[in-house]
Amino acid sequence: MDPNMNNLLKWGIQNSTQNNNQSTDPNAANNASTPRNNITPEMISALFGGPSEADLMKAAMEALRSDEVDLENKLIAFDNFEQLVESIDNANNLEPLGLWTPLVELLKHEEPDMRRMAAWCIGTAVQNNEKAQDKVIVMNAFPILVSIAIHDNTPAVRKKAVYAISSSVRNYQPCMDELTKYLPEGYASGKVDAGDMEAIDAIMDKLREHPVPSS
């Protein structure tokens with residue numbers, strides 16, 4: 001929960017309790033004049049508007065692409081971004097907000113943690129969401145993700161790339177067909193049914209077990 005909303009909730013509970021106590025307190029008149037906890041402008045903003053989730057997504061991406069934001073704060077922004085795109089509505093807003101292109105570009109970032117988070121966000125955004133799954137094809141993300149899954153030097157990055165691939169192809173045949181174009185030889189024989197979870201699991205296992213590149 002937004003900290004400001006949490007503080008506002010606490011304020012409401014505390015003052016509701018005070019009001020109830022006043023009904024049986026013979027000194028209620030005195031209590032009524034007792035100063036209560038202050039409501040900050042930030043708390044009011046959280047209740048009556050504040051930035052929308054779309055605004056928060058755009059702000060996070062601006063931070064991720066800024067040279068003035070250090071890695072630690074970029075990873076915080078990425079974590080917030082990933083939580084936002086758990087919502088199907090927010091995931092579907094990636095396209096109108098123009099955020100798919102920079103997100104896919106971050107798969108090529110020099111920092112392993114940035115590549116890891118980019119893959120994680122893609123995997124989260126496309127889960128059970130055909131509209132978002134289709135964007136993986138449109139953005140030509142599969143060759144990048146497959147390359148990361150089998151060539152990246154950082155195990156955590158490869159793991160999230162496989163997660164993104166797995167989430168993209170399940171129950172969405174166009175993505176499954178697109179993926180097979182970029183898989184190493186022997187990973188899939190013929191057409192793979194996007195609804196065949198065992199077949200998909202077998203492919204993902206092969207990606208996870210791909211020999212780790214020498215450093």
Side-chain angles (χ1 to χ4, degrees), residues 1-6 42 45-46 49-170 172 175 178-179 182 207-208 213 215:
M1 177 184 290
D2 185 323
N4 291 317
M5 287 297 292
N6 190 41
E42 289 79 11
S45 176
S52 67
E53 292 190 341
D55 291 332
L56 294 173
M57 290 167 64
K58 290 190 291 185
M61 186 57 71
E62 287 176 5
L64 294 172
R65 303 180 73 190
S66 173
D67 293 333
E68 299 178 0
V69 179
D70 62 20
L71 179 60
E72 180 180 0
N73 283 297
K74 283 184 177 182
L75 294 178
I76 292 172
F78 238 148
D79 185 62
N80 292 335
F81 190 87
E82 192 274 334
Q83 292 181 57
L84 285 165
V85 298
E86 287 179 354
S87 159
I88 289 180
D89 289 340
N90 288 337
N92 288 339
N93 265 339
L94 288 170
E95 180 178 8
L97 293 174
L99 299 180
W100 266 112
T101 295
L103 179 57
V104 172
E105 287 176 350
L106 286 168
L107 289 171
K108 304 174 184 178
H109 200 281
E110 61 182 8
E111 288 287 347
D113 278 335
M114 294 291 283
R115 299 194 300 274
R116 174 179 62 84
M117 289 302 301
W120 191 354
C121 287
I122 291 172
T124 297
V126 302
Q127 278 192 335
N128 304 310
N129 184 348
E130 290 188 0
K131 184 175 180 180
Q133 286 172 296
D134 191 62
K135 293 302 295 182
V136 179
I137 301 174
V138 174
M139 299 305 303
N140 199 32
F142 276 123
I144 305 172
L145 289 168
V146 171
S147 178
I148 292 173
I150 62 179
H151 295 304
D152 200 280
N153 289 320
T154 305
V157 180
R158 295 199 302 276
K159 180 179 179 180
K160 289 304 180 185
V162 174
Y163 164 67
I165 294 168
S166 178
S167 297
S168 298
V169 302
R170 292 182 189 274
Y172 191 59
C175 273
E178 184 72 7
L179 172 64
Y182 304 102
L207 286 172
R208 294 187 189 97
S215 56

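- In this structure, a donor-acceptor pair under 3.5 Å is absent between the side chains of Tyr182 and Ser147.
- Taking all atoms of both residues into account, the shortest heavy-atom contact from Val162 to Ala149 is CG2-CB, 3.9 Å.
- Met57 and Val85 get closest at one heavy-atom pair: CE-CG1, 4.1 Å.
- Considering CD1 of Ile165 and CD1 of Ile122, their distance stands at 10.0 Å, rounded to 0.5 Å.
- Residues meeting the side chain to side chain donor-acceptor pair (under 3.5 Å) test with Arg208, sequence neighbours left out: Asp205.
- Residue pairs meeting the side-chain hydrogen bond (donor to acceptor under 3.5 Å, both in side chains) criterion with at least one partner in residues 53-63, sequence neighbours excluded, are Ser52-Asp55, Glu53-Asn90.
- The backbone N or O of Ala156 sits nowhere less than 3.5 Å from a side-chain atom of Thr154 that would complete a donor-acceptor pair.
- Listed by first and then second residue, the salt bridge (charged side-chain N to carboxylate O under 4.0 Å, His left out) pairs involving residues 119-141 are Glu95-Lys135 (not counting sequence neighbours).
- Residues passing the salt bridge (Lys or Arg N to Asp or Glu O under 4.0 Å) test with Glu178, sequence neighbours excluded: Lys181.
- Of the possible donor and acceptor atoms, none in the side chain of Gln127 sits under 3.5 Å from a partner among the backbone N and O of Ile88.
- A donor-acceptor contact closer than 3.5 angstrom links the side chains of Asn73 and Asp70.
- Counting all heavy atoms, side chain and backbone alike, Arg115 lies closest to Val157 at CB-CG1, 3.8 Å.
- For Leu64 against Lys74, the heavy-atom pair with the smallest separation is CD2-O, 3.1 Å.
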For residues 100-110, run the donor-acceptor check on the side chains, cut-off 3.5 Å, and write out each pair with its distance to 0.1 Å, sequence neighbours left out.
residue : atom : partner : partner atom : Å
His109  : ND1  : Glu111  : N            : 3.0

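- Atoms OG1 and CZ, on Thr124 and Phe81 in that order, are 10.5 Å from each other to the nearest 0.5 Å.
- Formation of a donor-acceptor pair under 3.5 Å by the Glu82 side chain with backbone atoms of Cys121 is not found in this model.
- If you take SG on Cys175 and CZ on Arg170, they are separated by 12.5 Å, rounding to the nearest 0.5 Å.
- One distance of note links CG of Leu75 with CZ of Arg116; it measures 6.5 Å at 0.5 Å rounding.
- Applying the salt bridge (Lys or Arg N to Asp or Glu O under 4.0 Å) criterion to Asp79, with sequence neighbours excluded, gives no partner residue.
- In terms of heavy-atom proximity, Ala60 sits nearest to Ala77 at CB-O, 3.8 Å.
- Here Met139 contributes atom CE and Ile137 contributes atom CD1; the two are 12.5 Å apart, rounded to the nearest 0.5 Å.
- In this structure, Asn80 places its CG atom where more than 12 heavy-atom neighbours from other residues, nucleotides or ligands lie under 6.0 Å away.
- A distance of 7.5 Å separates CG in Leu207 from CG in Leu179, rounded to the nearest 0.5 Å.
- What you find for Met114 and Leu71 is that their closest heavy atoms are CG-CD1, 3.9 Å.
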